[in-house]
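I have placed the structure first, in the form of structure tokens, so that the comments after it can refer back to it.
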Amino acid sequence: MAVFNAGSINIDHVYAVDHFVQPGETLASRDYRLFCGGKGFNQSIALARAGAKVHHVGCIGSDGDWLRARLQREGVDTRWIQTVDAPTGHAIIQVVPDGENSIIITAGANNKFSANDIPQLLNHFTPQDTLLLQNEINGVADFILAAAENGQKVSFNPAPMTEAVKAYPLDKLDCLILNAVEAAALTGETEHETAMQSLHRALPKTCIVLTLGKAGAWLIDGDQEIRQPAFAVQAVDTTAAGDTFIGFFLAERERGGQLHEALRIASRAASICVTRRGAADSIPQYREIG
Ligand code: RIB
């Protein structure tokens, strides 16, 4: 059993700022660093560090070989990463002193999946494998449909949320993991309770996990409902906290672990992630979880 993660690979330009830049303002940063990132990339690293067998399916430009090499060093199978004729995707990230961030992404190579290749790619996987997707590549709906056709389970993180997500075949999902902003945009409900009820009603067979930052996480899967409080820590950078949560949660679920334990491990991993700077670089090793 393995996780095939079809997801973005980005170069993250991270600026430490006193406040998010305002309209018309030019703002000097206190610090600048370059990190590897991308929601797909980060989730592959989190899965690998949590002990899952993970294959990354992705597209990079000729400037992205170092990102492929990094995934290889982390134990991720990179044979399905293609080099295409476009620059590697990148993100401009502002981080303010309390650790909150704001992110602009440019897809670049991440939007170069060919619709014709998707069914063929998925034919390399077995029905026991899980396909993981975020919303930072093109062809997400095609991936969901092709995997469902093959009997493969699909987990989806609709980040970043776009209008197009509403038309994706979400009823085919085994697991939907999203944050409060994404849940509100998807359901039109700003209250967590109503948004969760609405998602569960619309997708009764899907395990739904709502991540709520400092307020923890909430899962509904059939008759099971679990609320996981967050671990209290001093955050310096919340980038990739959601990606860390998803990787550790799915790894534990793939191992056949209990859902409440998967939630606890994922929350602990995310709480460690926010105490460190960067995206993939801030993801903990499994031995740190405790
Ligand atoms: O979730 C964090 C990630 O979002 C960053 O690494 C950035 O690349 C964007 O994709």
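In each ligand, atom 1 is the first atom listed, and ligand 1 is the first ligand listed.
- Within 6.0 Å of atom CZ in Arg276, more than 12 heavy atoms from other residues, nucleotides or ligands are found, so the atom counts as buried in its surroundings.
- Taking only nitrogen or oxygen atoms, main chain and side chain alike, Ser8 does not reach within less than 3.5 Å of ligand 1.
- Residue Asp243 has at least one nitrogen or oxygen atom sitting less than 3.5 Å from a nitrogen or oxygen atom of ligand 1, judged on distance alone.
- Remark: minimum distance from atom 3 (C) of ligand 1 to any protein heavy atom is reached at Asn42 ND2, 3.7 Å.
- Among protein heavy atoms, the minimum distance from atom 5 (C) of ligand 1 is reached at Asp12 OD2, 3.3 Å.
- Ligand 1 is never approached by Gly242 to a heavy-atom distance shorter than 4.0 Å.
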Inset, instruction - Begin from the C-alpha positions of Asp237 and Thr239 and carry the test side chain to side chain donor-acceptor pair (under 3.5 Å) through to its verdict. - result: CA-CA 6 Å; Asp237 182 354; Thr239 311; 2.6 Å; yes
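- With respect to Arg227 and Glu193, a salt bridge is recorded, a charged nitrogen being found less than 4.0 Å from a carboxylate O.
- Close contacts between ligand 1 and Ala91 involve ligand atoms 7 (C), 8 (O) [criterion: under 4.0 Å to a heavy atom].
- Ring geometry for Phe113 against Phe143 counts as perpendicular: the plane angle is over 60°, on a 0 to 90° scale with 30° as the lower cut.
- Of all atoms in ligand 1, numbered sequentially from 1 with element shown, those under 4.0 Å from a heavy atom of Ala279 are 6 (O).
- If you check which protein heavy atom lies closest to atom 10 (O) of ligand 1, you get Glu136 OE2, 2.6 Å.
- By the side chain to side chain donor-acceptor pair (under 3.5 Å) test, Arg73 is found to be paired with no residue, residues two or more places apart in sequence or in another chain being considered.
- Heavy atoms from other residues, nucleotides or ligands lying under 6.0 Å from CD of Glu149 number 12 at most.
- Residue contact check: Gly37 has heavy atoms under 4.0 Å from atoms 6 (O), 8 (O) of ligand 1.
- Here the protein heavy atom with the shortest distance to atom 4 (O) of ligand 1 is Lys39 NZ, 3.1 Å.
- Under the side chain to side chain donor-acceptor pair (under 3.5 Å) test applied with Asn5, the options Gln134, Lys39, Gln43, His55 reduce to a single match, Gln134.
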